[in-house]
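Since the structure comes first, as structure tokens, the remarks are kept for the end.
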Amino acid sequence: MGHSNSSSPSKRSHALRQWRLLDLVSGAFFFMVLLFFAMVFTPLGDSLAASGRQTLLLSGADPRQRHRLVAAVEEAEGAVESCPADTADHMPCEDPRLNSQLSREMNYYRERHCARPEDSPLCLIPPPDGYRIPVPWPESLHKIWHSNMPYNKIADRKGHQGWMKLEGQHFIFPGGGTMFPDGAEQYIEKLGQYIPISGGVLRTALDMGCGVASFGGFLLSKNILTMSFAPRDSHKAQIQFALERGIPAFVAMLGTRRLPFPAFGFDLVHCSRCLIPFTAYNASYFIEVDRLLRPGGYLVISGPPVQWPKQDKEWSDLQAVARALCYELIAVDGNTVIWKKPAGGSCLPNENEFGLELCDDSDDPSQAWYFKLKKCVSRTSGKGDYAIGTIPKWPERLIATPPRSTLLKNGVDVYKADTKRWVRRVAHYKNSLRIKLGTRSVRNVMDMNALFGGFAAALKSDAVWVMNVVPAQKPPTLDVIFDRGLIGVYHDWCEPFSTYPRSYDLIHVASIESLIKDPASGKSRCTLVDLMVEIDRMLRPEGTVVVRDAPEVIDKVALIASAVRWKPTIYDKEPESHGREKILVATKTFWKL
């Protein structure tokens with residue numbers, strides 16, 4: 001028999017499997033080579049790396065590695081690196097990806113929730129791609145750079161109501177709102193028929209659920225200073241837009257806690273379709289508004305449920321709560337209601353369907369840092385010397401001795417000396433240190449340790465607004481600041497502040513080390529490095545930081561300043577000042593990824 005040239009079926013099958021395996025190995029090899037080149041030579045690599053770093057950012061850092069980095073920075077042996085690109089708008093205590101897992105009851109998940117510093121990465125928030133130095137005030141009231149916050153959602157959804165629209169390289173703000181699509185100016189003029197908008201009677205206002213804050217922005221021409229607030233929610237970046245426009249604004253949510261403001265500080269409280277359920281939870285939210293509203297002040301609610309279709313019960317309940325608190329009904333104009341709070345003491349106790357009662361004497365109505373809402377109504381002073389009609393009009397109230405504050409009950413000398421001291425200091429800042437106060441480069445200002453608001457008061461002739469922060473661990477002097485016609489909040493500087501990155505042109509802090517020390521033990525509660533990284537987050541590129549403290553503290557600050565890419569210069573204090581202070585003035589460099 002002759003030999004056959006063809007292989008057996010089993011041999012052919014074995015060879016085929018070998019070739020398939022070789023093909024798979026070769027294919028995998030070439031895929032890895034292609035992936036390597038893509039990672040190195042295309043934007044895909046940067047994107048994937050940023051994604052990985054972001055995962056680390058959200059899951060927390062290694063506490064030991066973090067501690068070593070802090071120590072290295074303090075010893076000038078290390079620098080703080082940049083965060084990934086997709087953290088450009090990161091707010092550590094209002095991160096929806098983390099907070100969305102929390103309870104929805106009373107909007108708890110939209111309130112502040114901060115990770116411990118040791119569980120948070122330490123890095124510098126970068127500006128977004130295409131970021132530009134903001135449009136200066138007052139042009140910024142009407143337009144801002146689109147590239148600084150390229151979020152079109154509000155413009156797309158609310159443009160027909162006059163909120164904002166995209167035109168070329170700018171977002172344009174016509175001044176409208178959901179309840180005033182024809183513009184805030186016309187709406188304010190309408191309110192002026194019922195309440196004293198002009199003439200200095202009203203000075204401090206609170207705008208709840210403010211949108212892009214056009215109401216507060218246009219009240220500035222009436223010399224009314226408005227604190228506009230809204231949560232970080234589906235209207236992405238609304239507070240960020242407000243701050244970019246140069247309008248006072250703050251990220252907050254009326255949920256389970258008191259808002260971080262003192263009692264009886266606002267002359268006017270405004271809600272334009274803010275959708276706050278004022279009568280829910282035994283009228284807890286109306287009670288909180290009452291705590292914040294100055295005796296004799298005005299409450300304006302526009303939109304639901306005021307004469308709103310299918311909300312008859314909610315509207316009836318709202319009127320019932322106002323009657324129980326003896327608010328005077330000034331007007332119901334369409335879907336807008338205006339009430340006036342009694343200038344004297346409360347009319348409680350009385351019979352009311354909500355069971356409203358006065359808080360007992362142990363309640364401190366100005367206690368408001370992480371303080372749970374109460375179901376009782378805050379007591380007002382029997383004197384009424386801080387009520388509308390009694391407190392001096394603006395601008396006289398800025399320099400008049402405030403009627404409140406425990407620190408002033410021993411005399412007014414401390415307050416008057418503080419006022420004069422800051423007039424001298426600000427003059428020195430401008431004339432000798434050449435700080436840009438009073439120029440178009442500075443609009444949004446923060447004082448991190450405000451005491452009586454003397455620094456802000458000394459800037460009264462400048463086109464700026466000042467966020468006066470009273471540290472939660474220090475004497476509660478925020479009521480004095482509001483009585484002067486200024487605005488501010490309580491805050492603990494061992495936690496991040498409730499604002500977006502790049503919010504402020506200038507940040508000022510006196511006695512910076514005291515912000516991180518325990519008042520009783522004197523021990524540090526957090527690190528100076530963490531605090532300065534947070535200052536960097538809040539500060540705009542090319543913004544200014546001014547720090548006053550003892551020489552040894554200023555030396556520490558200067559070392560850290562270089563590690564966070566600031567350009568610091570140290571100066572002597574004013575010739576007239578006593579004590580051992582030095583002054584550090586630093587500029588944040590405009591760096592990019």
Which pair of non-hydrogen atoms, one from [X] and one from [Y], has the smallest distance, and what is that distance?
| X | Y | value |
| --- | --- | --- |
| Pro496 | Pro92 | CG-CB, 3.6 Å |
| Ala88 | Arg502 | O-NH1, 2.8 Å |
| Pro304 | Leu275 | CG-CD2, 4.1 Å |

I'd like to know whether the aromatic ring centres of Phe218 and Phe180 sit less than 6.0 Å apart in this structure. no
Tyr504 and Trp465 aromatic centres sub-6.0 Å: yes
In Å and rounded to the nearest 0.5 Å, what is the [atom1] to [atom2] distance from [X] to [Y]?
| X | Y | atom1 | atom2 | result |
| --- | --- | --- | --- | --- |
| Leu268 | Leu225 | CG | CG | 12.0 Å |
| Phe215 | Met179 | CZ | CE | 13.0 Å |
| Arg443 | Leu506 | CZ | CG | 13.5 Å |
| Phe455 | Arg425 | CZ | CZ | 11.0 Å |
| Ile276 | Met208 | CD1 | CE | 4.5 Å |
| Lys222 | Leu202 | NZ | CG | 12.0 Å |

Distance only, no hydrogens: is a donor on one side chain within 3.5 Å (strictly under) of an acceptor on the other, for Arg132 and Ser147? no
Is the closest side-chain donor-acceptor distance between Ser302 and Tyr187 under 3.5 Å? yes
Please enumerate all residues that pass salt bridge (charged side-chain N to carboxylate O under 4.0 Å, His left out) together with [X], with sequence neighbours excluded.
| X | result |
| --- | --- |
| Glu542 | none |
| Arg323 | none |
| Arg421 | Asp418 |
| Asp363 | Arg258, Lys374 |

Working for side chain to side chain contact (heavy atoms under 4.5 Å, CB included), residues Thr226 and His270: CA-CA 10 Å; Thr226 305; His270 174 259; over 6 Å; no
Within-4.5 Å side-chain heavy-atom neighbours: [X] and [Y]:
| X | Y | answer |
| --- | --- | --- |
| Tyr370 | Tyr490 | no |
| Glu185 | Ser221 | no |
| Trp145 | Val135 | yes |
| Leu373 | Tyr285 | yes |

For the [atom1] atom on [X], are there more than 12 heavy atoms of other groups (residues, nucleotides or ligands in this structure) within a distance under 6.0 Å?
| X | atom1 | answer |
| --- | --- | --- |
| Lys393 | NZ | no |
| Lys190 | NZ | yes |
| Leu329 | CG | yes |

Counting N and O atoms only, with roles assigned by atom type, does the side chain of [X] sit under 3.5 Å from a partner on the main chain of [Y], one being a donor and the other an acceptor?
| X | Y | result |
| --- | --- | --- |
| Ser228 | Asp207 | no |
| Thr419 | Tyr415 | yes |
| Asn444 | Ser503 | yes |
| Ser366 | Ala263 | yes |
| Arg203 | Leu486 | no |
| Asn335 | Gln307 | yes |
| Arg291 | Leu259 | yes |
| Thr439 | Ser441 | yes |
| Gln319 | Trp315 | yes |
| Arg232 | Asp95 | no |

Quick one: list whatever passes side-chain contact (heavy atoms from CB on, under 4.5 Å) with Pro392, sequence neighbours left out. Glu396, Arg397, Ala400
Sequence neighbours excluded, the answer for side-chain contact (heavy atoms from CB on, under 4.5 Å) partners of Ile144 is Met149, Phe171, Phe173, Phe241, Glu244, Arg245
Apply side-chain hydrogen bond (donor to acceptor under 3.5 Å, both in side chains) to the pair Gln473 and Asp492, showing each step before the final yes or no. CA-CA 7 Å; Gln473 287 70 33; Asp492 180 353; 3.1 Å; yes
Contact list for residues 134-144, test side chain to side chain donor-acceptor pair (under 3.5 Å), sequence neighbours left out: Glu139-Arg440
Please set out all donor-acceptor pairs under 3.5 angstrom arising from side-chain atoms of residues 293-301, sequence neighbours excluded.
from, atom 1, to, atom 2, distance (Å)
Arg294, NE, Asp267, OD1, 2.7
Arg294, NH1, Tyr386, O, 2.9
Arg294, NH1, Asp483, OD1, 2.9
Arg294, NH2, Gly265, O, 3.3
Arg294, NH2, Asp483, OD1, 3.1

With side chain to side chain contact (heavy atoms under 4.5 Å, CB included) as the test, would you mind laying out the steps for Val377 and Leu325 before giving the verdict? CA-CA 9 Å; Val377 178; Leu325 294 175; 3.8 Å; yes
Residues in ring-ring contact (aromatic ring centres under 6.0 Å, His included) contact with Phe266, at least two apart in sequence or another chain: Phe261, Phe482
Residues at least two apart in sequence or cross-chain that pass ring-ring contact (aromatic ring centres under 6.0 Å, His included) with Phe354, listed by chain then number, are none
With Arg110, the side chain to side chain contact (heavy atoms under 4.5 Å, CB included) member among Met253, Glu94, Arg104: Met253
Answer yes or no: is there an ion pair linking Arg540 with Asp505, defined by an N-O contact shorter than 4.0 Å? yes
Apply side chain to side chain contact (heavy atoms under 4.5 Å, CB included) to residues Lys158 and Thr178 and explain how you reach the verdict. CA-CA 8 Å; Lys158 300 288 187 177; Thr178 302; 3.8 Å; yes
List the steps and the verdict of side chain to side chain contact (heavy atoms under 4.5 Å, CB included) for Val545 and Asp536. CA-CA 9 Å; Val545 181; Asp536 182 84; over 6 Å; no
Check disulfide bond (SG atoms under 2.5 Å apart) between Cys210 and all other residues, then give those that pass, not counting sequence neighbours. none
Could you name each residue pair satisfying disulfide (SG to SG under 2.5 Å) that touches residues 440-501, not counting sequence neighbours? Cys494-Cys526
